[in-house]
Every structure is written in structure tokens, then in C-alpha cells.
Amino acid sequence: MNGFNLAFSGGGFRAAFFCLGAYRRLVQLGIHDQAKMISTVSGGSITAAVIMKELSKGPFHDLHDFDARVKTPMKEFGSKGFRNKVIRHAILPPRWPFWPVLPRSRFSRHAPITLEKTLLSKLLMDGESRNGLMMDQLPPHPVWICNATNLHTLKRISFSRTKIRDEVFGDSRDVSDISIAQVVAASAAFPLLFDPINLNVKDRSFDKTKKQYSFFRLTDGGVYDNLGSEEFLTKTDKQLKNPEPYMIFDASARRKPWSSDKRVTWTERQLRVLSVSMDQVAELRKKLIRKHDSKGVQLLNVETINENKWFQTNYWQHYFKLKGVNRHLDLPSYPDDYADIERMLADVRTDLDKFSEIEMEMLMWAGALRADLGSKVLFSAEEFDKMPLKVPRHEVPDIADYNPGNLNLEAIRNGLKNSHKRRIIR
């Protein structure tokens, strides 16, 4: 195999740490440098931005190096809560002159500022000032595609180090003034909290239109595609004949039926309408991916690792038979003892508020399990044998390695039991 592509889904910090654990497992296995492309949305874009920022300084030498450069700053960021930082900046008295601006608009203005100052800043040579890393300063490998939704066209708009691509207006090569923080802020601009981000396009030319716009209004990439899958599914006939394998790390939510005794508020009723639409989009995309004639693996947080394994085994044995491929899946055994913890992780809130140590570590463990499964589906045992693996092939991520406090399982369960609840102050 000559490499593979990755997709990081949306879902707030739940997705950010789930995808962090997935990529970290690829580093641990020693195959992360075979990733050709990372397509990301919303919370997954936060993780990808930090990974790409660090890769601009040089490759990851080992797991210790990755943890120091990516895992540690990500956990510091998650433990403080991005949402509260944005809210605090938005409600503090503004400098004179005062302009009356709706809170959602002020949140949107401060989102990229907070991202740059707390997570994505790049130290300049003079050691005194900081400047946000720009998209065209990213390394060429892997290619990072950061996705948002263009409200003008009702379609996906994506950003990379070389271009902006809109599915209606085409490509623009004018990216020199686009920062990573701006791109992530647009990709993660959840509609109920953030006003659409304005992208200045007055002096940018797109190759499929001669119309001149002053700006595009961009919102959360998950509004159009919460999986980051569109980049893999819109391929030409030639590309489909030689499909590149991919792994989609899906931390998106699935809503549960209301209980018979639930007292539903007016706000919950309004949000439920949006939830129905979002869930339907997710289910349709899942069906599309699983019927798509390509070597893709969708790994879901809402299903336990052994439910994921059961589906992948059945799907790929049918695929191999259909394609006349002489291969048998040789997958490791994954534990059944923590299925209840996995189901609790599937219900963790999709928010950008303060996350606890247990929440972050357990989400990383869940992501690591699925990356382990996905890589062993895509790569045969023979291919793994030819790689300089840093851990034995049949060794799987151990929950104990994601438990720095050496807590017992009951303490972990207690630490997760209220993780599904949203709170204004956390």
C-alpha cells in the first residue's frame, strides 16, 4: 500500500480528542507518515491544525515527541475551555468607540483571536511578538483540507495550503493572507453559538465564475458534511478505478428517543427539529460511505470497538470476494469489558467547554482503538510485517495507558456519568 487518507469529523472537543487519540495511535504504530491527506471538519479541524502546525517545524520522531508537541498543548487547551474564553472576550466592555454588535457576531470575531493566542501562535525570530501561522506556510505533506460551509452557495468550501475550493465557484489560489486560525474558526463556527465568519473575497478570483463578491459567509463545516467525507466521495472515474484507502474517524452524535416521562421544554422542541435533520444527514452519509466502491473505513464512536470490528469483518470479506482478492482479515481481539464506558463516551457533549482529564483521556483511548482497527483492516498482515512497527501488530491500546491517575473503573465511570450534560458555566 502506498499510503492512505484520513478524515476527522466534527463534534466539538469530543471529536477533537477522539481524533487526537486516533492520530496518536498511528504515530505509536509508526505509520502516521504514510497519511497523504487529512480532511477535517469543526472539532476535528482543531486537532488537525495543531498537528499541521507542529509538522511545519519538523516530523514527529516518536510518541514522546508527539505527546510533548501536540497532546500536551491540546489537553491544556481542553482543560481551560475554548468556549468560555470566547464568551469572556465577547462580553467584556469593548474599547472605544463602542459599536452595538450582537453577541453571536462578537463571538465569531474573537474565535480566531483566541485560537491564535492560546493554541496556534508561532513564535517569531525576535522572540518578542507572535504571529499566526498562515495556510501557505504549512508543509506539503500531508495535504490538509479544512472544510467549512458556504452559505452563499449552500455547498462545501475547503481550504488548503495552495488554494480555496468552492464547489460552485471553483478554485482560488489567493491564500497568502489566510491564517490557520481563520480557517479553523470558520470550520468550527457552530451556528447556535457563532455568527457566520466573513471571508473577504473582493480581490480573489475563482476559476468557475466571473461574478465579484465582497465576502462569503461561512459557517460550521458540519452543516454540509460532518464527517469530512466529501473529499473522498467526489472522485473522477479514473480515481475510482485506483481508489486510495481512507479512514474516517467519526465522533458525530446520534440522538436517542425521548423517554415517555420526559418533560420537554420549548427550547428542546426547537433544537429537536435541527437534530432530526443533522441525524438524517449523518445516517445518509454512513449509508453512502458503506456502499461506496472504494477502500474506505468509517470508524464510529457511537458503536463499540467490537461492533465496529463485526461490521468491518463482514463488509470486507464481502468486498474481497466481490473483487476476487485473496485475503483474510487477521484482526486482533479487542476487550469487551469496557463496552459501557464506550457507550458513555458516545454520549459526551459536543461542546467546546472545559473537559476533565478523564473525558479527554478516555476519548483518546476510544480514538486509538478505532485507529488500530482501521489500520489493520487496510493493511494486510504481510504488509505490516514489512513495516518497522514500533509495537507488536496484535497489541491493542490498553485503557490503563490512558489512565494517568490510576483510577479504578468505577471512578472512571463516575467521572463520565455527567459528561453528556451541557452547562453554561463549567
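Note that the coordinates shown come from a computational prediction; the quantities given were computed from them, not determined experimentally.
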TODO: Over 60° means perpendicular and under 30° means parallel, so classify the ring planes of F311 and Y315, tilted if in between.
DONE: parallel
TODO: For D136, enumerate each residue passing the side-chain hydrogen bond (donor to acceptor under 3.5 Å, both in side chains) test, keeping only those at least two apart in sequence or located in another chain.
DONE: none
Task: Electrostatic pair R343:E307 at N-O distance under 4.0 angstrom - done: yes
Without placing hydrogens or testing angles, list every side-chain donor-acceptor pair under 3.5 Å for residues 329-338, not counting sequence neighbours.
unit_1, atom_1, unit_2, atom_2, d
Y334, OH, D372, OD2, 2.6
Y334, OH, L373, N, 3.3
D336, OD1, N306, ND2, 2.6

Task: Residues which pass ring-ring contact (aromatic ring centres under 6.0 Å, His included) with F216, listed by chain and number, not counting sequence neighbours - done: H152, F169, F206, Y213
TODO: Name all residues meeting the side chain to side chain contact (heavy atoms under 4.5 Å, CB included) criterion together with V276; count only those two or more places apart in sequence or in a different chain, and write none if there are none.
DONE: none
- [ ] Check side-chain hydrogen bond (donor to acceptor under 3.5 Å, both in side chains) between E382 and all other residues, then give those that pass, not counting sequence neighbours.
- [x] S380
Task: Listed partners of D171 passing side-chain hydrogen bond (donor to acceptor under 3.5 Å, both in side chains), at least two apart - done: R165
Open item on the list: Do the side chains of D385 and R393 get close enough for a salt bridge, i.e. N-O under 4.0 angstrom?
Closed with: no
TODO: Please name all residues satisfying salt bridge (Lys or Arg N to Asp or Glu O under 4.0 Å) with R69, sequence neighbours left out, ordered by chain then number.
DONE: E54, D65
Open item on the list: Show me the pairs that pass salt bridge (Lys or Arg N to Asp or Glu O under 4.0 Å) and involve residues 217-227, at least two apart or across chains.
Closed with: D225-R285
Open item on the list: Just to verify, what does F8 make a ring-ring contact (aromatic ring centres under 6.0 Å, His included) with, not counting sequence neighbours?
Closed with: none
Task: N406: partners by side-chain hydrogen bond (donor to acceptor under 3.5 Å, both in side chains), with sequence neighbours left out - done: none
Open item on the list: So, using salt bridge (Lys or Arg N to Asp or Glu O under 4.0 Å) as the criterion, who are the partners of D33 when residues are at least two apart?
Closed with: none
TODO: Would you list the pairs meeting ring-ring contact (aromatic ring centres under 6.0 Å, His included) in which at least one residue belongs to residues 30-54, sequence neighbours left out?
DONE: none
Task: Cationic N near anionic O, under 4.0 Å, R14 to E359 - done: no
- [ ] Begin with the C-alpha distance, continue with both residues' side-chain angles, and end with the deciding distance and a verdict on salt bridge (Lys or Arg N to Asp or Glu O under 4.0 Å) for R370 and E303.
- [x] CA-CA 10 Å; R370 284 147 184 82; E303 296 179 358; over 6 Å; no
